[in-house]
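Here's the structure we're looking at; comments come further down.
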2 protein chains.
Amino acid sequence: MTIYDIAEKCGVSIATVSRVLNGSSRVSAKTKEKILLVMKEQNYQPNPFARGLGLNSMKMIGVLCEDVSDSFYATAISLIESYLRLIDWNVILGCTGRGSGLKYKHLQFLMEKHVDAIIIIGTPFNHTKDLDYLKNVAKKRPVIMVNSYIKHNNIYGIICDEETGMSDIVGKLAEKGCKSVLYLYDSLTYSGRQKLTGYKKGIATHKLDENPLLQNKINRSLEDVEQTVKKLIEQNVYFDAVVTSEDLLAIGAQRAILQMGKNMPIVGCNNSLLAQCATPMITSLDNQLEILCREAVELLTKLMNDKEVPSKMIFPAKLYQRESFIYA
Amino acid sequence: MTIYDIAEKCGVSIATVSRVLNGSSRVSAKTKEKILLVMKEQNYQPNPFARGLGLNSMKMIGVLCEDVSDSFYATAISLIESYLRLIDWNVILGCTGRGSGLKYKHLQFLMEKHVDAIIIIGTPFNHTKDLDYLKNVAKKRPVIMVNSYIKHNNIYGIICDEETGMSDIVGKLAEKGCKSVLYLYDSLTYSGRQKLTGYKKGIATHKLDENPLLQNKINRSLEDVEQTVKKLIEQNVYFDAVVTSEDLLAIGAQRAILQMGKNMPIVGCNNSLLAQCATPMITSLDNQLEILCREAVELLTKLMNDKEVPSKMIFPAKLYQRESFIYA
DNA sequence: TTGTAGGCGTTATCAT
DNA sequence: ATGATAACGCCTACAA
């Protein structure tokens, strides 16, 4: 079934069929009706490749992240897919993996498919080669970064102010009388750097213990974090609260602390389902993914309609208090 | 940059350029070399829409699930994406949502993009209208179902034998001396039905308590499951072990049981990260997603090469023992 | 080994 | 309001 078949069955030219297909007003009601009828009964569907060839677009957006199996990215992708779906855009998914090699290849794959824009969740790109490639991509297509940012023409960032969120947490812990806040983190993505900075600022502002042993970079694994925390306690490194860059780390830390017969406030980040599965449930800083993703898609539509958009938007984080730390 | 530009710069015809593009051997080494050089320096990329128009394929696979933000689906999608990536296929993602309305629309979206095949994770389709549409889709494109199955031409199922897995669990509980096994489940997908059947068979085989109050369908939410379990205990419904269709339910059940001052074996399903975040850590039945997804992609490639494939493949489940129930 | 030309199914610009 | 036709960029059968 092509536009030719429809045209023939209706006794009109393909131009007329194309017009009703694209909702042109310059078609008589009668012929339009007939064409629509024939289309329906023939179950006609326009060929997306032919259309793509002419319009140079198949209404597809490339969405990239490190690893969809991670609940944070999965949630983001889910939100973005549903928002894009509402306005009839499709998602081509790409996962770069957490390894180090040749991530720009994944950008290449998307560009080869001529996606109309690229949305990047988090910070998959760090190496110069990858970043250079990304900037080149931005010359051809808009790039929207969710919870990450690179200042560059045609790259837009929708981010959460986790820095303030984190330093506020430290402030609240100080109010409660904590003196030494242990910080555990697993990566220095854009978001990771923000949180670390927030922690440091909080510590400085409230004149808390600046012992460098209290800042620990570790793998994101329950075993590793439990081991690290236990070791610190055994070595008599004093701390009276724990903040982590990620819920999983907070869960492991809490487990280790309880096992060592101690108790103290613990706060994680990302407000994932994991936080609610731990006992006691973990208080967590939510980076408001729902808002970020909604705004990312919103920005995209504005961009497609040649409207003005900000190159960077910042939204506040929100603390979800649970059993592991209640301050008010 | 089109094939014409390259041809002109090389002083050859577009046919020759096309030949080197497609690795035809019928090109002299000299011209081939030159064309490749020019392509590289012009940074030429073939237009996927034009190619798609001619070949009727853009090497894209539609992948559908209910909800990527669920860790089970997210893991599956992650695996499938990476396996497809290896053989240069792209994933167009679709999420139907858990609601009831018009899910076949999502199949339509994928078909409108002329994907080469469709992979479905789990059981998003239940209504007759959706299923009829799915069967129609199967007339045009192969449909591969991961952890679900519908017997129909051109629909293939890669499934895990959770029924046996579940009845084995009941058997092991019986061995340990349990008499009344509480079963909690949240949905009757293909997988859900298998597990329920497995539970019932296990109960029957080992002559355990068949009290219908021990089979509870509830929402997948921590609050709901905790409330349900507490109510059962308060009403003096006797049970001495809990099995659930999903880790989250097991976690909630465990929490309620501990809070009520009781203790007993608890087993979940899906072996998600959640299971490890609970304390005690939850023993869980793993449906071997990694194998299922690998085989799904494998089957797809065979299908594309017109090789014979089985319409249904079944793999065994595997129990991951943790603190919540150790039987051996 | 290389070139010519038709076909893939649309959209859009002209005419009429 | 409608039709004829070029253009989109590639592939490939057939010719040379």
Side-chain angles (χ1 to χ4, degrees), chain A residues 1-40 42-60 88 90 111-116 140-141 304, chain B residues 1-40 42-60 88 90 111-116 140-141 304:
Chain A
M1 263 308 120
T2 74
I3 208 173
Y4 288 93
D5 302 318
I6 303 292
E8 193 179 341
K9 284 189 199 297
C10 295
V12 298
S13 75
I14 60 162
T16 306
V17 177
S18 179
R19 284 192 192 96
V20 336
L21 213 48
N22 295 287
S24 164
S25 57
R26 312 202 163 283
V27 185
S28 80
K30 204 181 293 180
T31 50
K32 180 174 179 178
E33 196 180 350
K34 175 163 192 182
I35 291 172
L36 285 174
L37 181 70
V38 173
M39 279 180 175
K40 180 133 290 178
Q42 296 296 321
N43 199 13
Y44 165 76
Q45 282 196 334
N47 183 305
F49 305 141
R51 180 173 247 164
L53 183 56
L55 302 177
N56 199 30
S57 162
M58 259 179 69
K59 300 194 72 164
M60 302 190 301
D88 206 36
N90 278 90
M111 292 306 282
E112 280 171 7
K113 291 301 190 250
H114 276 212
V115 294
D116 297 280
K140 301 183 182 174
R141 301 277 191 258
M304 298 298 184
Chain B
M1 261 310 117
T2 75
I3 208 173
Y4 289 93
D5 302 318
I6 303 292
E8 193 180 341
K9 284 188 199 298
C10 295
V12 298
S13 75
I14 61 162
T16 307
V17 178
S18 179
R19 284 192 192 95
V20 334
L21 213 49
N22 294 287
S24 164
S25 56
R26 313 204 163 283
V27 185
S28 80
K30 204 181 294 180
T31 50
K32 180 174 179 178
E33 194 180 350
K34 174 161 192 183
I35 290 173
L36 285 174
L37 181 70
V38 174
M39 279 181 175
K40 180 133 291 179
Q42 296 297 319
N43 199 13
Y44 166 74
Q45 282 196 334
N47 182 305
F49 305 140
R51 179 173 248 164
L53 184 56
L55 302 177
N56 200 30
S57 161
M58 259 179 69
K59 301 196 71 165
M60 302 189 302
D88 207 37
N90 277 91
M111 292 306 282
E112 280 171 7
K113 292 302 192 247
H114 272 43
V115 294
D116 297 280
K140 302 184 181 173
R141 300 278 190 260
M304 298 297 182

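Proteins get letters first, then strands, A, B, ... in listed order; numbering begins at 1 in each.
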Remember a base hit wins even if backbone is also touched, and classify B/S18 as base, sugar-phosphate or nothing at under 4.0 Å, heavy atoms.
-> base

Euclidean distance, atom CE of residue B/M58 to atom P of D/dC10 [Å, nearest integer] = 13 Å

CD/A/Q45 to CD/B/E112 distance, rounded to the nearest 0.5 angstrom?
-> 5.0 Å

Counting any heavy atom closer than 4.0 Å, what does A/N56 reach on the DNA or RNA strands: base, sugar-phosphate only, or nothing?
-> nothing

Of the nucleotides D/dT12, D/dG3, D/dG9, which one has an atom closest to the side chain of A/R19?
-> D/dG3

Can you tell me the distance, in whole Å, between the CE atom of A/M1 and the P atom of C/dG9?
-> 11 Å

Reckon B/F49 touches a base, only the sugar-phosphate, or nothing at all at heavy-atom distances under 4.0 Å?
-> nothing

What do you reckon, is NZ of A/K9 surrounded by more than 12 foreign heavy atoms closer than 6.0 Å?
-> no

Sugar-phosphate only, base, or nothing, as touched by A/R51 at under 4.0 Å among non-hydrogen atoms = sugar-phosphate

Sub-3.5 Å donor-acceptor pair from the side chain of A/R141 to the main-chain atoms of A/V115, do we have one?
-> yes

Return the value, rounded to whole Å, for the distance between atom CZ of B/R26 and atom P of D/dA16.
-> 18 Å

Examine C/dT1: is either OP1 or OP2 under 4.0 Å from a nitrogen or oxygen in the side chain of B/T16? Give yes or no.
-> no

With heavy atoms under 4.0 Å as the rule, sort B/I14 into base, sugar-phosphate or nothing.
-> base

May I have the distance from B/L55 (atom CG) to C/dG7 (atom P), rounded to whole angstrom?
-> 17 Å

So, is A/T2 close to the C/dG9 phosphate, meaning a side-chain N or O under 4.0 Å from OP1 or OP2?
-> no

Within this structure, what is the CD-to-P distance between A/E33 and D/dA1, rounded to whole angstrom?
-> 16 Å

Does A/K32 or A/Y4 map to a spot on DNA chain D nearer the 5' end, using the closest nucleotide for each?
-> A/K32

Would one find a side-chain N or O of B/N22 under 4.0 angstrom from OP1 or OP2 of D/dC11?
-> yes

Exam field: side chain A/R19 to backbone A/R26, donor-acceptor pair closer than 3.5 Å | no

Residue closer to the 5' end of DNA chain C, A/G54 versus B/A15 (nearest nucleotide) = B/A15

Please indicate whether A/Q42 has more than 12 foreign heavy atoms, meaning atoms of other residues, nucleotides or ligands, lying under 6.0 Å from its CD.
-> yes

Is the phosphate of C/dT10, meaning OP1 or OP2, less than 4.0 Å from a side-chain N or O of A/Y44?
-> yes

Separation of C/dC8 C1' from A/L53 CG (nearest whole Å) = 9 Å

Whole-Å distance separating the CG atom of B/N47 from the P atom of D/dC10 = 6 Å

Which whole-number value in Å describes the distance from A/H114 NE2 to D/dC10 P?
-> 9 Å

